[in-house]
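The structure appears below as structure tokens.
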Number of protein chains: 2
Amino acid sequence: MKISTEMLKGVLEGIVLQIISGGETYGYEITKELNQHGFEDLVEGTVYTILMRLEKNQLVTVEKKKSTKGPARKFYSLNAAGQKTLETFWQNWEFLDQQMTHLKEDNHVQ
Amino acid sequence: MKISTEMLKGVLEGIVLQIISGGETYGYEITKELNQHGFEDLVEGTVYTILMRLEKNQLVTVEKKKSTKGPARKFYSLNAAGQKTLETFWQNWEFLDQQMTHLKEDNHVQ
DNA sequence: GCCACTACTTAGTTTTACTATGTAGTGGTA
DNA sequence: TACCACTACATAGTAAAACTAAGTAGTGGC
């Protein structure tokens, strides 16, 4: 099973924030992690554009570190604004989740 | 609480399908119903574009009926393809929901 | 006659993710 | 040492979906 790409809009940014909140990480690793957790078709390009957006919106701090396996990695961490945004994201998600549950149950005629 | 608009992309079409599956209805009514169920900021224009997409994609049948309160209403019903799409939508939603739950629990460091 | 409410339509914009491609560093191996 | 696989980041252009904003039109009440 894979997730329809349109359904991810507005959710993917929160997902990436959540992963970063679990500990300093970088784009390539985030992509691999998501690929192994249901987001099979997600490619690097998508993750990098999100990371750049997060940086532009000042939700993360970035630190470049050398790797033994390739080019230098850009490690991302959440700052206070990022934490706040993440909390708001989960509140929104939970609210939407509730509405969807109601919608399905209330409206289920059959 | 209102739902962030970006989070709705790809979800709203399923929501509208679900509402129609509960019984023949029309755009204006769907809008009002959603406005009263957490989707406060949703406006008619958005619903109508979705309805036209559903019609274009042949997921619904349309019947025009006179109203005593204004212009004629366009009543929508799901056809077989619409039912199928709705089922797939809920499967996708549930899968995403599960992934989100895992993501939040597995990754929750604090 | 005007207004509120009902009801549908649509052109243009914004946001977000995808497609596709490119650049570059490291280590293994033939 | 030349090549390849893998690691790692960047970005221009496109597509999809919802929003903004404005319009048209019918009905009944005051």
Side-chain angles (χ1 to χ4, degrees), chain A residues 2-17 20 24-36 39-57 59-60 62-76 85 89 92 96, chain B residues 2-17 20 24-36 39-57 59-60 62-76 85 89 92 96:
Chain A
K2 68 186 177 190
I3 297 164
S4 84
T5 95
E6 280 306 326
M7 205 178 263
L8 285 179
K9 291 202 176 171
V11 179
L12 210 43
E13 182 175 310
I15 290 173
V16 170
L17 280 173
I20 296 173
E24 207 184 43
T25 182
Y26 56 99
Y28 191 79
E29 193 174 55
I30 293 170
T31 309
K32 295 296 166 206
E33 191 174 335
L34 287 173
N35 287 158
Q36 286 163 8
F39 304 89
E40 295 167 24
D41 292 346
L42 193 71
V43 295
E44 290 166 61
T46 301
V47 173
Y48 288 116
T49 51
I50 292 169
L51 289 173
M52 282 178 217
R53 192 162 73 233
L54 294 177
E55 194 178 351
K56 193 185 105 195
N57 294 342
L59 301 176
V60 291
V62 190
E63 203 185 341
K64 217 166 186 173
K65 293 183 186 176
K66 279 185 182 165
S67 163
T68 54
K69 287 188 181 174
R73 296 165 175 166
K74 282 178 72 177
F75 283 86
Y76 292 84
T85 302
F89 167 76
N92 287 338
L96 176 60
Chain B
K2 66 186 180 191
I3 297 165
S4 82
T5 94
E6 278 306 326
M7 205 177 264
L8 286 180
K9 290 199 178 175
V11 179
L12 210 43
E13 181 175 312
I15 290 173
V16 171
L17 281 172
I20 296 172
E24 207 184 44
T25 183
Y26 55 98
Y28 191 79
E29 193 175 55
I30 293 171
T31 308
K32 296 297 166 206
E33 191 174 336
L34 287 173
N35 287 157
Q36 286 164 8
F39 305 89
E40 296 167 25
D41 291 346
L42 193 72
V43 294
E44 291 168 61
T46 302
V47 172
Y48 288 114
T49 51
I50 292 168
L51 289 173
M52 283 179 217
R53 192 161 75 233
L54 294 177
E55 193 178 351
K56 195 187 105 195
N57 295 341
L59 302 175
V60 290
V62 190
E63 202 185 341
K64 218 165 185 173
K65 293 185 186 174
K66 280 186 180 161
S67 163
T68 54
K69 288 188 182 173
R73 298 164 175 165
K74 281 178 73 178
F75 283 85
Y76 292 84
T85 302
F89 167 75
N92 287 337
L96 176 59

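In what follows, every chain begins at residue 1, and chains take the letters A, B, ... in the order their sequences are listed.
Under the rule for a side-chain hydrogen bond (donor to acceptor under 3.5 Å, both in side chains), Lys64(A) has no partner lying at least two apart in sequence or in another chain. Lys66(B) pairs by the side-chain hydrogen bond (donor to acceptor under 3.5 Å, both in side chains) definition with nothing, not counting sequence neighbours. Annotation: ring pair (Phe, Tyr, Trp, His ring centres under 6.0 Å) contacts of Phe89(A) (sequence neighbours excluded): none. In terms of the salt bridge (Lys or Arg N to Asp or Glu O under 4.0 Å) criterion, residue partners of Glu24(B) (sequence neighbours excluded) are, by chain and number, Lys65(B). Residues passing the side-chain contact (heavy atoms from CB on, under 4.5 Å) test with Thr85(A) are Leu17(A), Leu59(A), sequence neighbours excluded. Under the side-chain hydrogen bond (donor to acceptor under 3.5 Å, both in side chains) criterion, Glu29(B) pairs with Thr25(B), not counting sequence neighbours. In terms of the side-chain contact (heavy atoms from CB on, under 4.5 Å) criterion, Lys56(A) has no residue partners (sequence neighbours excluded). Every residue two or more places apart in sequence or in another chain was checked for a side-chain hydrogen bond (donor to acceptor under 3.5 Å, both in side chains) with Lys74(B), and none qualifies.
For the pair Phe75(B) and Val60(B), the minimum side-chain heavy-atom distance is 4.5 Å or more.
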Please list every donor-acceptor pair under 3.5 Å in which a side-chain atom of residues 44-55 of chain A meets a protein atom from a residue at least two apart or in another chain.
residue  : atom : partner  : partner atom : Å
Tyr48(A) : OH   : Tyr28(A) : N            : 3.3
Thr49(A) : OG1  : Gly45(A) : O            : 3.3
Thr49(A) : OG1  : Thr46(A) : O            : 2.7
Arg53(A) : NE   : Glu13(A) : OE1          : 3.0
Arg53(A) : NH2  : Glu13(A) : OE1          : 3.0

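As judged by a 4.0 angstrom heavy-atom cut-off over every strand, Leu51(A) is placed among residues making no nucleic acid contact.
Applying the 3.5 Å distance criterion, the base of dA17(C) shares no donor-acceptor pair with the side chain of Lys9(B).
One interatomic measurement links the two molecules: OH of Tyr26(B) to P of dT6(C), which rounds to 9 Å at whole-angstrom precision. Atom-to-atom, NZ of Lys32(A) to P of dA5(D) comes out at 15 Å; the value is rounded to the nearest Å. Rounded to an integer number of Å, the gap from Glu55(B) CD to dT9(C) P is 8 Å. When the C1' atom of dT10(C) is taken as reference, atom NZ of Lys56(B) falls 14 Å away, rounded to whole Å. The nearest whole Å value for the distance from the CD1 atom in Ile50(B) to the P atom in dT9(C) is 14 Å. The CZ-P distance, from Arg73(B) to dT24(D), rounds to 23 Å in whole Å. Distance CD (Glu33(B)) to P (dT6(C)): 15 Å, rounded to an integer number of Å. For Met7(A) and dT15(C), the CE to P distance is 23 Å, given to the nearest whole Å.
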Sort me out a list of protein N/O and nucleotides 10-14 of chain D N/O pairs below 3.5 Å, or just none if empty.
residue : atom : partner  : partner atom : Å
dA10(D) : OP1  : Lys74(A) : NZ           : 3.2

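OP1 or OP2 of dA17(C) has at least one side-chain nitrogen or oxygen of Arg53(A) nearer than 4.0 Å.
Of all the heavy atoms in Ser67(B) and Pro71(B), the pair that sits closest is CB-O, 3.6 Å. Here the closest heavy-atom approach between residue Asn92(B) and residue Met7(A) is recorded as CB-CE, 3.9 Å.
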Notebook entry, point to check: In B/S/- notation, 5' to 3', how is nucleotides 25-30 of chain C contacted by protein heavy atoms closer than 4.0 Å?
Noted result: BSS---

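With dC8(C), dC18(C), dA18(D) as the candidates, the nucleotide lying closest to the side chain of Leu12(A) is dC18(C). Comparing atom distances between the Val43(A) side chain and each of dT6(C), dA8(D), dT19(C) picks out dT19(C) as nearest.
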Note to self: Only Watson-Crick and G-U wobble pairs with both distances less than 3.5 Å should count. Give DNA chain C in dot-bracket notation, marking inter-strand partners with |.
What the structure shows: ||||||||||||||||||||||||||||||

